[in-house]
Amino acid sequence: MKNQKPIQDYYPDELSYCYGCGRNNEYGHHIKSYWDGDETVSHFTPKEYHIAIPGYVYGGLLASLIDCHGTGSAALAAYKAENRQPDTLPAFRFVTASLQVDFLKPTPLGVELELRGKIVEVKGRKVITEITVSANGEITVKGKVVAVQVPETFLK
Ligand SMILES: CCCCCCCCCCCCCC(=O)SCCNC(=O)CCNC(=O)[C@H](O)C(C)(C)COP(=O)(O)OP(=O)(O)OC[C@H]1O[C@@H](n2cnc3c(N)ncnc32)[C@H](O)[C@@H]1OP(=O)(O)O
(Lines give C-alpha, C1' and ligand atoms only; values in the text may rest on other atoms or scores of the structure.)
Protein backbone atom coordinates (compact mmCIF):
# COMPACT_ATOMS: atom_id res chain seq x y z
CA MET A 1 0.00 0.00 0.00
CA LYS A 2 2.75 2.43 0.94
CA ASN A 3 4.38 2.11 -2.48
CA GLN A 4 1.12 2.84 -4.29
CA LYS A 5 0.19 6.21 -5.70
CA PRO A 6 -3.32 7.14 -4.50
CA ILE A 7 -6.01 7.03 -7.17
CA GLN A 8 -6.65 10.76 -6.71
CA ASP A 9 -3.12 11.47 -7.96
CA TYR A 10 -4.21 10.11 -11.35
CA TYR A 11 -7.11 12.58 -11.66
CA PRO A 12 -6.21 15.20 -14.26
CA ASP A 13 -5.24 18.63 -12.93
CA GLU A 14 -8.40 20.34 -14.14
CA LEU A 15 -10.56 17.82 -12.23
CA SER A 16 -8.54 17.99 -9.03
CA TYR A 17 -10.28 20.82 -7.19
CA CYS A 18 -12.82 18.71 -5.27
CA TYR A 19 -13.06 19.96 -1.69
CA GLY A 20 -12.80 16.39 -0.41
CA CYS A 21 -10.11 14.90 -2.60
CA GLY A 22 -8.71 17.45 -5.05
CA ARG A 23 -4.97 17.85 -4.63
CA ASN A 24 -5.20 21.34 -6.16
CA ASN A 25 -7.70 22.68 -3.60
CA GLU A 26 -5.63 24.42 -0.95
CA TYR A 27 -8.58 24.48 1.46
CA GLY A 28 -9.68 20.87 0.93
CA HIS A 29 -9.20 17.59 2.76
CA HIS A 30 -6.88 15.94 0.19
CA ILE A 31 -8.35 12.48 0.76
CA LYS A 32 -6.17 9.71 -0.67
CA SER A 33 -7.45 6.22 -1.46
CA TYR A 34 -5.41 3.06 -1.91
CA TRP A 35 -5.90 -0.67 -2.29
CA ASP A 36 -5.20 -2.79 0.77
CA GLY A 37 -5.82 -6.35 -0.41
CA ASP A 38 -9.42 -6.57 -1.60
CA GLU A 39 -10.41 -3.49 0.38
CA THR A 40 -9.62 0.16 -0.09
CA VAL A 41 -8.17 2.31 2.64
CA SER A 42 -7.69 5.95 3.49
CA HIS A 43 -6.50 7.77 6.59
CA PHE A 44 -7.46 11.20 7.83
CA THR A 45 -6.86 13.09 11.06
CA PRO A 46 -9.54 15.73 11.69
CA LYS A 47 -8.39 19.13 12.90
CA GLU A 48 -9.57 20.53 16.22
CA TYR A 49 -11.98 22.81 14.35
CA HIS A 50 -13.76 19.82 12.76
CA ILE A 51 -15.75 19.69 15.96
CA ALA A 52 -19.37 18.80 16.66
CA ILE A 53 -19.82 18.62 20.41
CA PRO A 54 -16.61 18.96 22.44
CA GLY A 55 -14.32 16.00 21.89
CA TYR A 56 -16.16 14.64 18.86
CA VAL A 57 -15.96 14.98 15.08
CA TYR A 58 -18.55 16.86 13.03
CA GLY A 59 -20.80 14.45 11.10
CA GLY A 60 -20.70 16.45 7.89
CA LEU A 61 -16.95 16.01 7.73
CA LEU A 62 -17.34 12.26 8.24
CA ALA A 63 -19.90 12.13 5.43
CA SER A 64 -17.54 13.95 3.12
CA LEU A 65 -14.70 11.54 3.93
CA ILE A 66 -17.01 8.64 3.04
CA ASP A 67 -18.12 10.44 -0.11
CA CYS A 68 -14.66 10.95 -1.55
CA HIS A 69 -13.23 7.64 -0.39
CA GLY A 70 -16.29 6.07 -2.03
CA THR A 71 -15.74 7.75 -5.39
CA GLY A 72 -12.00 7.04 -5.21
CA SER A 73 -12.73 3.40 -4.38
CA ALA A 74 -15.13 3.26 -7.31
CA ALA A 75 -12.40 4.40 -9.68
CA LEU A 76 -9.95 1.86 -8.22
CA ALA A 77 -12.55 -0.90 -8.64
CA ALA A 78 -13.34 0.07 -12.23
CA TYR A 79 -9.69 -0.21 -13.27
CA LYS A 80 -9.34 -3.49 -11.43
CA ALA A 81 -12.46 -4.89 -13.14
CA GLU A 82 -10.80 -4.21 -16.50
CA ASN A 83 -7.43 -5.41 -15.26
CA ARG A 84 -5.91 -2.03 -16.12
CA GLN A 85 -3.61 0.41 -14.38
CA PRO A 86 -5.00 3.85 -13.48
CA ASP A 87 -2.60 5.62 -15.82
CA THR A 88 -4.17 3.92 -18.86
CA LEU A 89 -6.94 5.27 -21.06
CA PRO A 90 -9.85 5.71 -21.14
CA ALA A 91 -9.83 7.30 -17.69
CA PHE A 92 -12.55 6.42 -15.18
CA ARG A 93 -13.94 9.43 -13.30
CA PHE A 94 -16.82 8.95 -10.88
CA VAL A 95 -19.20 11.32 -9.13
CA THR A 96 -21.55 10.52 -6.27
CA ALA A 97 -25.11 9.62 -7.24
CA SER A 98 -26.14 8.52 -3.75
CA LEU A 99 -24.58 8.82 -0.31
CA GLN A 100 -26.03 7.09 2.76
CA VAL A 101 -24.41 7.55 6.15
CA ASP A 102 -25.16 5.93 9.52
CA PHE A 103 -23.55 7.41 12.60
CA LEU A 104 -23.22 4.44 14.95
CA LYS A 105 -21.24 6.06 17.74
CA PRO A 106 -19.65 9.43 18.41
CA THR A 107 -16.28 9.71 16.63
CA PRO A 108 -13.54 11.05 18.89
CA LEU A 109 -11.47 14.05 17.84
CA GLY A 110 -7.70 13.98 18.15
CA VAL A 111 -7.00 10.57 16.62
CA GLU A 112 -6.32 9.35 13.10
CA LEU A 113 -9.38 7.87 11.42
CA GLU A 114 -9.25 4.87 9.12
CA LEU A 115 -11.68 4.51 6.24
CA ARG A 116 -12.07 1.08 4.69
CA GLY A 117 -14.03 0.36 1.54
CA LYS A 118 -15.61 -2.84 0.28
CA ILE A 119 -16.59 -3.08 -3.38
CA VAL A 120 -20.17 -4.31 -3.46
CA GLU A 121 -20.97 -4.04 -7.18
CA VAL A 122 -19.35 -2.97 -10.43
CA LYS A 123 -22.03 -2.76 -13.12
CA GLY A 124 -21.82 -0.71 -16.29
CA ARG A 125 -21.08 2.91 -15.31
CA LYS A 126 -22.06 2.29 -11.69
CA VAL A 127 -19.99 1.14 -8.69
CA ILE A 128 -21.44 0.59 -5.22
CA THR A 129 -19.13 0.66 -2.22
CA GLU A 130 -19.60 0.26 1.52
CA ILE A 131 -17.31 2.40 3.61
CA THR A 132 -16.55 2.29 7.32
CA VAL A 133 -14.86 4.89 9.48
CA SER A 134 -12.92 3.63 12.51
CA ALA A 135 -11.36 5.47 15.42
CA ASN A 136 -9.07 3.64 17.84
CA GLY A 137 -9.94 0.41 16.02
CA GLU A 138 -13.69 0.80 16.54
CA ILE A 139 -16.19 1.43 13.73
CA THR A 140 -18.11 4.62 14.47
CA VAL A 141 -19.68 5.39 11.09
CA LYS A 142 -20.68 3.35 8.07
CA GLY A 143 -21.81 4.49 4.67
CA LYS A 144 -22.88 3.35 1.24
CA VAL A 145 -21.87 5.22 -1.88
CA VAL A 146 -23.35 4.78 -5.34
CA ALA A 147 -20.84 6.28 -7.75
CA VAL A 148 -21.55 6.73 -11.44
CA GLN A 149 -19.02 7.31 -14.16
CA VAL A 150 -19.69 10.82 -15.36
CA PRO A 151 -20.72 11.52 -18.92
CA GLU A 152 -18.12 13.47 -20.92
CA THR A 153 -20.67 16.31 -21.07
CA PHE A 154 -20.67 16.76 -17.26
CA LEU A 155 -18.35 19.77 -17.30
CA LYS A 156 -19.80 21.48 -20.37
C1 LIG B 1 -15.78 14.39 -17.53
C2 LIG B 1 -16.16 14.82 -16.14
C3 LIG B 1 -15.18 14.22 -15.12
C4 LIG B 1 -15.51 14.50 -13.62
C5 LIG B 1 -14.42 13.83 -12.78
C6 LIG B 1 -14.61 13.97 -11.31
C7 LIG B 1 -13.30 13.71 -10.60
C8 LIG B 1 -13.46 13.32 -9.18
C9 LIG B 1 -14.31 14.24 -8.36
C10 LIG B 1 -14.64 13.62 -7.04
C11 LIG B 1 -16.04 13.83 -6.68
C12 LIG B 1 -16.29 13.60 -5.23
C13 LIG B 1 -17.71 13.36 -4.95
C14 LIG B 1 -18.63 14.53 -5.24
O15 LIG B 1 -18.80 15.41 -4.45
S16 LIG B 1 -19.40 14.53 -6.75
C17 LIG B 1 -20.53 15.92 -6.64
C18 LIG B 1 -21.90 15.48 -6.21
N19 LIG B 1 -22.53 14.68 -7.22
C20 LIG B 1 -23.14 15.24 -8.30
O21 LIG B 1 -23.18 16.43 -8.48
C22 LIG B 1 -23.78 14.27 -9.27
C23 LIG B 1 -25.07 14.85 -9.85
N24 LIG B 1 -25.79 13.81 -10.55
C25 LIG B 1 -25.55 13.51 -11.85
O26 LIG B 1 -24.77 14.18 -12.53
C27 LIG B 1 -26.25 12.31 -12.41
O28 LIG B 1 -27.39 12.01 -11.65
C29 LIG B 1 -25.31 11.06 -12.46
C30 LIG B 1 -24.13 11.32 -13.42
C31 LIG B 1 -24.78 10.69 -11.05
C32 LIG B 1 -26.11 9.83 -12.93
O33 LIG B 1 -26.88 10.21 -14.04
P34 LIG B 1 -26.91 9.35 -15.35
O35 LIG B 1 -28.05 9.81 -16.19
O36 LIG B 1 -25.57 9.38 -15.98
O37 LIG B 1 -27.18 7.90 -14.73
P38 LIG B 1 -28.11 6.79 -15.30
O39 LIG B 1 -29.54 7.12 -15.14
O40 LIG B 1 -27.63 6.39 -16.67
O41 LIG B 1 -27.81 5.61 -14.25
C42 LIG B 1 -26.60 4.90 -14.27
C43 LIG B 1 -26.71 3.89 -13.13
O44 LIG B 1 -26.62 4.60 -11.87
C45 LIG B 1 -27.81 4.37 -11.11
N46 LIG B 1 -28.14 5.60 -10.37
C47 LIG B 1 -28.17 6.85 -10.88
N48 LIG B 1 -28.50 7.73 -9.91
C49 LIG B 1 -28.69 7.00 -8.78
C50 LIG B 1 -29.02 7.31 -7.45
N51 LIG B 1 -29.25 8.60 -7.05
N52 LIG B 1 -29.13 6.34 -6.57
C53 LIG B 1 -28.89 5.05 -6.91
N54 LIG B 1 -28.53 4.68 -8.15
C55 LIG B 1 -28.44 5.64 -9.07
C56 LIG B 1 -28.88 4.00 -12.09
O57 LIG B 1 -29.91 3.23 -11.49
C58 LIG B 1 -28.05 3.17 -13.08
O59 LIG B 1 -27.81 1.90 -12.53
P60 LIG B 1 -28.35 0.60 -13.27
O61 LIG B 1 -29.84 0.79 -13.40
O62 LIG B 1 -27.65 0.58 -14.60
O63 LIG B 1 -27.96 -0.56 -12.40
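Both counts, for ligands and for their atoms, begin at 1 and track the order of listing.
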Peer 1: Does Lys126, backbone or side chain, put an N or O under 3.5 Å from an N or O of ligand 1?
Peer 2: yes

Peer 1: Under 3.5 Å between any N/O of Gln149 and any N/O of ligand 1: does that happen in this structure?
Peer 2: no

Peer 1: Within a distance under 4.0 Å of any heavy atom of Val146, pick out the atoms of ligand 1 and give their elements.
Peer 2: 53 (C), 54 (N)

Peer 1: So if I count the atoms of ligand 1 from 1 in the order they appear, which ones are less than 4.0 Å from some heavy atom of Cys68?
Peer 2: 12 (C)

Peer 1: Looking at Thr40 and Ser33, would you say the former's side chain and the latter's main chain have a donor-acceptor pair under 3.5 Å?
Peer 2: no

Peer 1: Between Arg23 (side chain only) and Lys32 (backbone N and O only), is there a donor and an acceptor less than 3.5 Å apart?
Peer 2: no

Peer 1: Is a donor from one side chain sitting under 3.5 angstrom from an acceptor on the other, for Thr132 and Arg116?
Peer 2: no

Peer 1: So do the side chains of Leu115 and Val41 get within less than 4.5 Å of each other, counting heavy atoms only?
Peer 2: no

Peer 1: Geometry only, no angles: is Ser98 polar-contacting ligand 1 at N/O separations under 3.5 Å?
Peer 2: no

Peer 1: Below a 4.0 angstrom heavy-atom separation, can you tell me which part of Ala97, side chain or backbone, both or neither, approaches ligand 1?
Peer 2: both

Peer 1: Is there a heavy atom of Gly20 sitting under 4.0 angstrom from any atom of ligand 1?
Peer 2: no

Peer 1: Numbering the atoms of ligand 1 from 1, which are under 4.0 Å from a heavy atom of Tyr11?
Peer 2: 8 (C)

Peer 1: Give the C-alpha distance, both sets of side-chain angles, the deciding distance and a yes or no for ring-ring contact (aromatic ring centres under 6.0 Å, His included) between Tyr27 and Tyr19.
Peer 2: CA-CA 7 Å; Tyr27 304 106; Tyr19 184 68; 8.4 Å; no

Peer 1: Minimum distance, heavy atoms only, to atom 22 (C) of ligand 1: which one of Ile128, Asp67, Thr96 is it?
Peer 2: Thr96

Peer 1: To which of Lys123, Glu121, Arg93, Lys144 does the heavy atom nearest atom 61 (O) of ligand 1 belong?
Peer 2: Lys123

Peer 1: Using a 4.0 Å cut-off to any heavy atom of Cys18, which atoms of ligand 1 qualify?
Peer 2: 12 (C)

Peer 1: What I want to find out is whether Lys105 reaches Glu138 closely enough, with some N-O distance under 4.0 Å, to be called a salt bridge.
Peer 2: yes

Peer 1: Give a yes or no answer on whether the side chain of Tyr56 reaches the backbone of Leu109 with a donor-acceptor pair at less than 3.5 Å.
Peer 2: no

Peer 1: Relative to each other, are the rings of His50 and His29 parallel, tilted or perpendicular (30° and 60° limits)?
Peer 2: perpendicular

Peer 1: Run the contact test for Gly124 against ligand 1 with a 4.0 Å cut-off on heavy atoms, strictly below, and give the result.
Peer 2: no

Peer 1: Please work out, at 4.0 Å between heavy atoms, whether the side chain, the backbone, both, or neither of Thr71 comes within that distance of ligand 1.
Peer 2: side chain

